[in-house]
Amino acid sequence: MMKPSMLRSLHSAATRGASHLFRRGYASEPVPERKVAVLGAAGGIGQPLSLLMKLNPLVSSLSLYDIAGTPGVAADISHINTRSEVVGYQGDEELGKALEGADVVIIPAGVPRKPGMTRDDLFNINAGIVKTLCTAIAKYCPHALVNMISNPVNSTVPIAAEVFKKAGTYDEKRLFGVTTLDVVRAKTFYAGKANVPVAGVNVPVVGGHAGITILPLFSQATPKANLDDDVIKALTKRTQDGGTEVVEAKAGKGSATLSMAYAGALFADACLKGLNGVPDVVECSFVQSTVTELPFFASKVRLGTVGVEEVLGLGHLSDFEQQGLESLKPELKSSIEKGIKFANQ
């Protein structure tokens, strides 16, 4: 049996962790009312993501939606003694209620990768799900910030944009592909090789959110570490293959659900801080962009009260990164076009 003292220290550690994760830099009380909807809340990413959003003091209303299983998840999470009220919705007929009045909609819905599957194999199933959900978002909460987690993000974000355009609700400042897991991985792997505390590490990751389209800019990493070229190449490859590493380690029983939930919660928290007027909230995200000739691209984005306040440029790239940038463009272009074509079928 666990000792009371151990329970107390676990609780204080959890509280410290939550406050470190979510409280940094948000305005003092009173905190605005904010409704967050999680679509796909009963799934492998959805459940831990819903838990993390319940821990976020910026959320006043947490709406959990899935095709089945959500009332149970909502009942479980609702017992946690934090600010937000939790309601679970299930089935097509309850999707509208789940979305009404949402400030932020997070979409982890869809099927996960299995061993041997490429992100393209996921395409037809997840693309259809995203199209349906975005049609409902356009109708019930057209002004919400939409955080797209459903893979392949390089295609699902363009699908969402096309659906919103058709509905007459598209605002490029309010649609985000969540690439935060690439940043989380790059920071972790870099800290390990540079032998520095990971909490202080920053690494921008640009491009897209699959394979070679993921381009970590280790030349811009802070704190600076003089790593050899071959180490940088290995770190880049590991960041690009991070998802596959987890899929293989789980041996057919899942994909990167827990780390993705953490990354999704971090990005949603940044969006909420931006909406609440916290200054200088900057995160990498896959958004409509003029940083390159491609219509969508991940780079650093300043978040504000309307969503995207400013899409920041790439900064100075090393020769290796410049080469990586040129190499990723054809694949990213093709994924974007595939999404647009699907949405307009």
Side-chain angles (χ1 to χ4, degrees), residues 119 145-149 151-161 170-190 201-222 232 235-236 239-240 242-243 260 263-264 266-271 273-274 278-337 339-340:
R119 287 181 195 267
L145 303 191
V146 177
N147 293 3
M148 184 68 69
I149 291 173
N151 273 317
V153 166
N154 293 352
S155 302
T156 54
V157 169
I159 288 169
Y170 182 55
D171 179 351
E172 72 272 15
K173 292 183 168 65
R174 296 177 182 272
L175 176 60
F176 303 89
V178 180
T179 59
T180 315
L181 182 51
D182 302 324
V183 177
V184 164
R185 285 176 174 146
K187 286 178 178 181
T188 301
F189 303 158
Y190 176 84
V201 168
N202 213 347
V203 184
V205 181
V206 304
H209 183 57
I212 66 155
T213 70
I214 300 165
L215 184 61
L217 303 182
F218 288 115
S219 72
Q220 297 178 23
T222 55
I232 295 292
L235 283 174
T236 300
T239 304
Q240 291 170 339
M260 184 61 249
L266 271 186
F267 188 74
D269 179 62
C271 287
K273 283 176 180 157
V278 174
D280 296 318
V281 179
V282 177
E283 293 289 340
C284 293
S285 182
F286 186 65
V287 294
Q288 184 175 311
S289 173
T290 54
V291 164
T292 68
E293 64 275 21
L294 300 175
F296 294 91
F297 200 81
S299 65
K300 287 200 277 193
V301 173
R302 181 174 287 109
L303 299 164
T305 54
V306 293
V308 175
E309 209 164 75
E310 186 186 2
V311 179
L312 303 171
L314 300 181
H316 178 75
L317 304 186
S318 69
D319 291 346
F320 174 67
E321 290 160 357
Q322 190 62 51
Q323 192 184 332
L325 175 63
E326 294 314 315
S327 303
L328 72 81
K329 284 179 183 175
E331 184 173 320
L332 184 50
K333 182 172 189 273
S334 152
S335 297
I336 292 167
E337 285 169 354
I340 293 168

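With sequence neighbours left out, Q323 forms a side chain to side chain contact (heavy atoms under 4.5 Å, CB included) with no residue at all. Scored by the side chain to side chain donor-acceptor pair (under 3.5 Å) test, N202 finds no partners at all (sequence neighbours excluded). Legend: residues meeting ring pair (Phe, Tyr, Trp, His ring centres under 6.0 Å) with F297, ordered by chain and number and at least two apart, are absent. Annotation: side chain to side chain donor-acceptor pair (under 3.5 Å) contacts of S219 (sequence neighbours excluded): E321. In this view, A268 and M53, I106, N147 satisfy the side chain to side chain contact (heavy atoms under 4.5 Å, CB included) rule, not counting sequence neighbours. Qualifying side chain to side chain donor-acceptor pair (under 3.5 Å) partners for E326, counting only residues two or more places apart in sequence or in other chains: Q322, K329. The side chain to side chain donor-acceptor pair (under 3.5 Å) check on E337 picks up K333, with sequence neighbours excluded. For S335, the side chain to side chain contact (heavy atoms under 4.5 Å, CB included) criterion is met by N154, S155, not counting sequence neighbours.
Annotation for A186 and V205: closest pair CB-CG2, 3.8 Å, computed over non-hydrogen atoms.
Between F267 and T179 the shortest side-chain heavy-atom distance does not fall below 4.5 Å. Side-chain contact between F189 and V203: absent, with no pair of heavy atoms (C-beta onward) separated by less than 4.5 Å. Residues V291 and V206 fail the side-chain proximity criterion, which asks for heavy atoms closer than 4.5 Å. Looking at N151 and H209, their side chains come closer than 4.5 Å, going by heavy atoms from C-beta outward. Under the 4.5 Å side-chain criterion, counting only non-hydrogen atoms from C-beta, T290 is not in contact with V311. Counting heavy atoms from C-beta outward, F286 and L332 have side chains that approach closer than 4.5 Å. Counting only heavy atoms from C-beta outward, the side chains of M260 and V178 approach each other to under 4.5 Å. I340 places a side-chain heavy atom less than 4.5 Å from the side chain of I336.
Remark: of the listed residues V183, D182, L328, L181, D182 is the sole one forming a side chain to side chain contact (heavy atoms under 4.5 Å, CB included) with I214.
Here salt bridge (charged side-chain N to carboxylate O under 4.0 Å, His left out) pairs that include residues 304-320, with residues two or more places apart or in two chains, are R302-E310. Residue pairs meeting the salt bridge (charged side-chain N to carboxylate O under 4.0 Å, His left out) criterion with at least one member in residues 211-221: none, sequence neighbours excluded. Applying the salt bridge (charged side-chain N to carboxylate O under 4.0 Å, His left out) rule to pairs touching residues 202-217 yields nothing, sequence neighbours excluded. The salt bridge (charged side-chain N to carboxylate O under 4.0 Å, His left out) pairs that include a residue from residues 209-221 number zero, where partners must be two or more places apart or lie in different chains.
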